[in-house]
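Worksheet for the structure shown next.
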Amino acid sequence: MNRRTFITLVGGATAWPLAARAQQPAVRVVGFLRDATAAGSEFAVNGLRKGLAEAGFVEGQNLTIEYAWTDGQSERLSVLAAELVGRHVLVIVSSSINATYAAKAATSTIPVVFAVNNDPVATGLVASLNRPGGNLTGVAYLTGELGAWPT
């Protein structure tokens, strides 16, 4: 065996494990922050899973969801949001105004997607509805505006 053949074999054998690893599909990590218990949030988790599955992301296959529950201790929201940021999640999903405030305070770079029952402009979550700015976007359920107010 000559020197050139030896170098080619060793170089190829060294690079092969790297190439095999590079072909593995990446598992994405999503953070889910909620000011509630896991048991009381099944509807929200099921909705999140369904929406992600429709986009081609299935928990346990190509997606991991890091759940952060306060379990009735709302004062833990800031710590939980910081832990999600520390885990380098790709996005934080929040479903309450307080959880969204905690996520907003914890990061200005990781996207935060919220679902709240409050006006996101009036509460200071976003600058405007058509140009939210920053790293926050989401859905606001403003159904209270449609109801009749007592006179």
Side-chain angles (χ1 to χ4, degrees), residues 11 13-151:
T14 305
W16 182 79
L18 296 175
R21 266 189 299 223
Q23 293 173 1
Q24 302 277 337
V27 175
R28 290 160 174 86
V29 181
V30 171
F32 185 71
L33 181 62
R34 186 158 165 81
D35 189 9
T37 63
S41 302
E42 290 178 18
F43 71 96
V45 171
N46 290 338
L48 176 66
R49 287 179 180 149
K50 181 181 178 194
L52 288 168
E54 289 172 0
F57 299 103
V58 178
E59 188 176 14
Q61 291 181 10
N62 60 354
L63 176 77
T64 299
I65 302 176
E66 294 284 339
Y67 298 97
W69 314 103
T70 60
D71 293 324
Q73 299 175 8
S74 297
E75 65 277 3
R76 296 184 58 226
L77 278 169
S78 297
V79 171
L80 293 171
E83 287 176 1
L84 289 175
V85 170
R87 292 180 189 152
H88 304 289
V89 297
L90 294 177
V91 63
I92 297 174
V93 178
S94 64
S95 63
S96 71
I97 190 76
N98 291 336
T100 306
Y101 281 140
K104 182 178 181 178
T107 182
S108 62
T109 57
I110 297 173
V112 176
V113 179
F114 60 81
V116 296
N117 290 325
N118 308 81
D119 181 347
V121 176
T123 57
L125 292 177
V126 297
S128 70
L129 293 178
N130 63 337
R131 294 187 186 267
N135 61 321
L136 274 76
T137 190
V139 177
Y141 304 101
L142 304 176
T143 56
E145 302 293 324
L146 301 175
W149 292 94
T151 56

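As a basis for the values below, the full set of heavy atoms in this structure was taken, side chains included, without hydrogen atoms, waters or symmetry mates. Predicted, not measured: the structure shown is a model, and the values here were computed from it.
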Quick check: do [X] and [Y] have side-chain heavy atoms less than 4.5 Å from each other?
{"X": "L90", "Y": "V29", "answer": "no"}
{"X": "L129", "Y": "P120", "answer": "yes"}
{"X": "V27", "Y": "L63", "answer": "no"}
{"X": "N135", "Y": "T109", "answer": "no"}
{"X": "V93", "Y": "V30", "answer": "yes"}
{"X": "L33", "Y": "L77", "answer": "yes"}
{"X": "V85", "Y": "I92", "answer": "yes"}

Next on the checklist: Filter on side chain to side chain donor-acceptor pair (under 3.5 Å), then keep only pairs touching residues 29-41, sequence neighbours left out; what's left?
Outcome noted: R34-S41, R34-S95, D35-T70, D35-S74
Checklist entry - So, K104 side chain and G124 main chain: donor-acceptor pair closer than 3.5 Å or not? => result yes
Checklist entry - Okay, side chain of Y101, backbone of L125: is any donor-acceptor separation there less than 3.5 Å? => result no
Hey, could you give me the [atom1]/[atom2] distance between [X] and [Y], rounded to the nearest 0.5 Å?
{"X": "I97", "Y": "F114", "atom1": "CD1", "atom2": "CZ", "result": "7.5 Å"}
{"X": "F32", "Y": "I65", "atom1": "CZ", "atom2": "CD1", "result": "8.0 Å"}
{"X": "L80", "Y": "L84", "atom1": "CG", "atom2": "CG", "result": "7.0 Å"}

Checklist entry - Looking only at side chains, do N130 and S128 share a donor and an acceptor under 3.5 Å apart? => result yes
Next on the checklist: With a sphere of 6.0 Å drawn around CD of E75, does it hold more than 12 non-hydrogen atoms of other residues, nucleotides or ligands?
Outcome noted: yes
